[in-house]
Amino acid sequence: MSLLPTEVRAPLAVLGRDVQVPLADGAKVEYAALDYAASSPALQRVWDDVAAYAPYYGSVHRGAGYLSQLSTDLFEQSRRTVAGFLDLREGDQVVFTRATTDSLNLLAGAVPAGTRVFAFETEHHASLLPWAHAGLAVTYLRAPRSRAEAVAALDAALAAAPEGPKLLCVTGASNVTGELWPVAELTRTAHRHGARVVLDAAQLAPHHRVSVRELDVDWIAFSGHKIYAPFGAGVLAGRADWLDAADPYLAGGGATRTVAREADGSVAVQWHTGPARHEAGSPNVIGAYAIASACRALTEAGWDALEAREQQLVARLTAGLAEIPQVKVLNLFGAGSARVGVLSFVVEGWNSSHFSAALSAEYGIGVRDGLFCAHPLVRTLLGDEDVAPSECGAPEPSLPGERSLNAIRVSFGAGTPDEHVERFLTAVRELVTDGAAWTYRNEGGRCVAAVQVDRGRRAG
């Protein structure tokens, strides 16, 4: 019997799936990697593809030899694969970068002078900070409490904006709450006011099919390390005009068409147009190929099936945490809002750093604690929450006069087995009910197990 497109399938094979990690009591357990939002594990398919290519690695756009020609073809084919994965429009281009942060900083340097940028305070720092850093005027919009409020707030802000070029930077899925943002509606609103849109898809692309053509965004940025592709590469894709008109992101070989000495002793440079203009230096061909491999693997696995399975895990996680009164899940748009496999929460009576350390040391579960490079958003979501003092693990530093705050984030994806989510829920229930089985101390800024306090309790 063939699988229907929406049937839930087994998780995709990822590296590290069977890694055994030590617990505080000396036992070992299979590691439950639930920090996909920071860096996802590499797909086995990606690793195998890179390993098969590695013996043929050569310089790109630099040599006449067979390996150089092969590597150049592979690099440019990777660009075409990414363009297809994103469903780009005719004339759009793909620039390979180091990650989402690099992509958005590149675009910030290419934005025409006088452009006003609009961004919600809920953005990751990668999409919140590059614009002012590049000397652009920025309007920061307050955190909306519904999708409709987000669209209305943008509409009002753009209507009140002075004449001139405008750009909206918005996330597709929050790296804190996992909630999906109304990208298509925001884009329609922005375009109606003559503003362009760049989509931060770092947390969206690993979980959902993304069509630039359908969303009608002007640019999109994402990271390889969040889409199951290691080796430090990212993507900025979209319209060519601003990129071709801007000074190159980096000055150097590969970005130049010609370089010549002038009679007065100066150097005259003609820069390339197209992706090469912003890809100076020897390109990261393995990183680009890894992204392309991941794009092919996700597409071939079938987005309907991948999304259906992930939503099953999301439903199990949210239902399980809802059964624990001491747990408060953080949401912008309400408890029932649609989200990808990313969720943050706090536990009454617990410091989040302490709780996360216990998940690791006593259960072999890896999550993230802190403010998740989205400090304004987490502070808004936590509001007046009391953060319990901890015997170790300081929260991320607060501004002068502000309280220190932190939360716990659990995140997963196409490589997560059901058992890891079940083990996580069991661990949360046991820690809330029974407390930690160990005391913890601060060791070099890390929270580590110190003394076992309940030797009759078995961790894991």
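Note: hydrogens, waters and symmetry copies are ignored here, and every other heavy atom, side chains too, is used.
Side chains of His420 and Pro417 form a contact here, defined as non-hydrogen atoms less than 4.5 Å apart. Val94 places a side-chain heavy atom less than 4.5 Å from the side chain of Val235. Inter-residue side-chain proximity for Gln203 and Lys226 is flagged as met; some heavy-atom pair is nearer than 4.5 Å. Counting heavy atoms from C-beta outward, Leu377 and Leu332 have side chains that approach closer than 4.5 Å. Using a 4.5 Å heavy-atom cutoff, the side chains of Asp418 and Arg316 are not in contact. At least one side-chain heavy atom of Arg409 sits less than 4.5 Å from a side-chain heavy atom of Val342. Annotation: side chain of Val346 is in contact with side chain of Ser352 (closest heavy-atom distance under 4.5 Å). In this structure, Ile220 and Val198 have side chains that are not in contact, with every pair of non-hydrogen atoms separated by 4.5 Å or more.
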**Request:** Tell me, with the steps shown, if Leu425 and Leu321 meet side-chain contact (heavy atoms from CB on, under 4.5 Å).
**Result:** CA-CA 7 Å; Leu425 290 171; Leu321 291 178; 3.9 Å; yes
**Message:** Please determine whether side chain to side chain donor-acceptor pair (under 3.5 Å) holds for the pair Asp48 and Gln44, giving the CA-CA distance in whole Å, both sets of side-chain angles, and the decisive distance to 0.1 Å.
**Reply:** CA-CA 6 Å; Asp48 292 343; Gln44 184 68 53; 2.9 Å; yes
**Request:** Could you go through the side-chain contact (heavy atoms from CB on, under 4.5 Å) check for Val60 and Leu74 one step at a time?
**Result:** CA-CA 9 Å; Val60 175; Leu74 193 78; over 6 Å; no
**Asked** After noting the C-alpha distance and the side-chain angles of Asp200 and Thr100, does the key distance pass the side chain to side chain donor-acceptor pair (under 3.5 Å) rule?
**Response** CA-CA 7 Å; Asp200 174 357; Thr100 306; 4.6 Å; no
**Request:** Take Thr139 and Arg116 through the test side chain to side chain donor-acceptor pair (under 3.5 Å) and record every step on the way to the result.
**Result:** CA-CA 7 Å; Thr139 297; Arg116 177 168 292 275; 3.1 Å; yes
**Val176 vs Leu381, side-chain contact (heavy atoms from CB on, under 4.5 Å): CA-CA, chis, key distance, verdict** = CA-CA 10 Å; Val176 176; Leu381 293 172; 3.9 Å; yes
**Request:** Walk me through it: do Gln311 and Val314 pass the test side-chain contact (heavy atoms from CB on, under 4.5 Å)?
**Result:** CA-CA 5 Å; Gln311 287 308 304; Val314 168; 4.2 Å; yes
**Thr273 vs Asp244, side chain to side chain donor-acceptor pair (under 3.5 Å): CA-CA, chis, key distance, verdict** = CA-CA 5 Å; Thr273 55; Asp244 282 346; 4.8 Å; no
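A distance below 6.0 Å separates the ring centres of Phe75 and Phe96. Ring to ring, Tyr289 and Tyr53 are close: their centroids are under 6.0 angstrom apart.
Judged by distance alone, with hydrogens and angles left aside, the side-chain atoms of Ser337 form a donor-acceptor pair with the main-chain N or O of Gly334 at under 3.5 Å. With His193 contributing its side chain and Ala195 its backbone, the two residues share no donor-acceptor pair below 3.5 Å. Panel note: side chain Glu123, backbone Thr171; a donor-acceptor pair is recorded below 3.5 Å. At distances below 3.5 Å, not a single donor-acceptor pair connects side-chain atoms of Ser360 with backbone N or O atoms of Ala357. Of the possible donor and acceptor atoms, one in the side chain of Asp218 sits under 3.5 Å from a partner among the backbone N and O of Val197. Side chain of Thr97 to main chain of Ala99: a donor-acceptor pair is present (N/O by atom type, distance under 3.5 Å, no hydrogens or angles). Trp219 places a side-chain N or O within 3.5 Å of a backbone atom of Arg239 that can act as its donor or acceptor partner. Judged by distance alone, with hydrogens and angles left aside, the side-chain atoms of Ser71 form no donor-acceptor pair with the main-chain N or O of Ser68 at under 3.5 Å. Not a single donor-acceptor pair under 3.5 Å links the side chain of Thr115 to the backbone N or O of Leu136. Checked by atom type and distance alone, the side chain of Gln326 never pairs as donor or acceptor with a backbone atom of Val432 at under 3.5 Å.
The minimum heavy-atom distance linking Gly364 with Val21 is given by the pair CA-CG2, 4.1 Å. The two residues Ala358 and Tyr363 have their closest heavy-atom pair at O-CD1, 3.7 Å. Closest non-hydrogen pair, Gly172 versus Val183, comes out as CA-CG2, 3.9 Å. Scanning all heavy atoms of the two residues, the minimum distance from Ala201 to Pro206 falls at O-CD, 4.0 Å. When every heavy atom of Ala161 is checked against every heavy atom of Lys166, the shortest pair comes out as CB-CD, 3.9 Å. Taking both residues in full, the closest heavy atoms of Thr177 and Leu330 are given as CG2-O, 3.6 Å, listed atom of the first, atom of the second, then distance.
Ion pair Arg423/Glu419 flagged as a salt bridge, since at least one NZ, NE, NH1 or NH2 atom sits closer than 4.0 Å to an Asp/Glu carboxylate oxygen. The residues Glu179 and Arg147 are annotated as not salt-bridged, no charged nitrogen and carboxylate oxygen being separated by less than 4.0 angstrom. For the pair Arg429 and Asp434, the salt-bridge criterion is not met [side-chain N within less than 4.0 Å of a carboxylate O]. For the pair Glu30 and Arg17, the salt-bridge criterion is met [side-chain N within less than 4.0 Å of a carboxylate O]. Using a cutoff of 4.0 Å between basic side-chain nitrogens and carboxylate oxygens, Arg213 and Glu90 are not scored as salt-bridged. Glu214 has no carboxylate O lying under 4.0 Å from a charged side-chain N of Arg89, or vice versa, which leaves the two without a salt bridge. Using a cut-off of 4.0 Å between Lys/Arg side-chain N and Asp/Glu carboxylate O, Asp155 and Arg192 are scored as salt-bridged.
In this structure, a donor-acceptor pair under 3.5 Å is present between the side chains of His61 and Glu76. No hydrogens or angles considered: nothing links the side chains of Glu307 and His207 as a donor-acceptor pair under 3.5 Å.
Counting heavy-atom neighbours within 6.0 Å of Arg98 CZ, excluding the residue itself, gives a total of 12 or less. More than 12 heavy atoms of other residues, nucleotides or ligands shown are found within 6.0 angstrom of CD on Glu149.
Taking CG from Asp102 and NE2 from His278, the interatomic distance works out to 12.0 Å, rounded to the nearest 0.5 Å. Going from atom CG of Leu204 over to atom CZ of Arg209 covers 11.5 Å, rounded to the nearest 0.5 Å. Summarising the geometry, atom OG belonging to Ser293 is positioned 7.5 Å from atom CG belonging to Leu43; distances are rounded to the nearest 0.5 Å. Put simply, CG on Leu343 and OG on Ser411 are 9.5 Å apart, with the number rounded to the nearest 0.5 Å. To the nearest 0.5 Å, the span separating CD on Gln77 from OG1 on Thr72 amounts to 13.0 Å. Taking CD of Gln312 as the start and CD of Glu310 as the end, the distance is 11.5 Å to the nearest 0.5 Å.
Relative ring orientation between His125 and His375 is described as perpendicular, the plane-to-plane angle rising above 60° on a 0-90° scale split at 30° and 60°. Between Phe85 and Trp303, the angle of the ring planes lies from 30° to 60°, which puts this pair in the tilted group.
With a 6.0 Å cutoff to the six-membered ring centre and a 45° limit on the axis angle, Arg196 counts as a cation-pi contact of Trp242.
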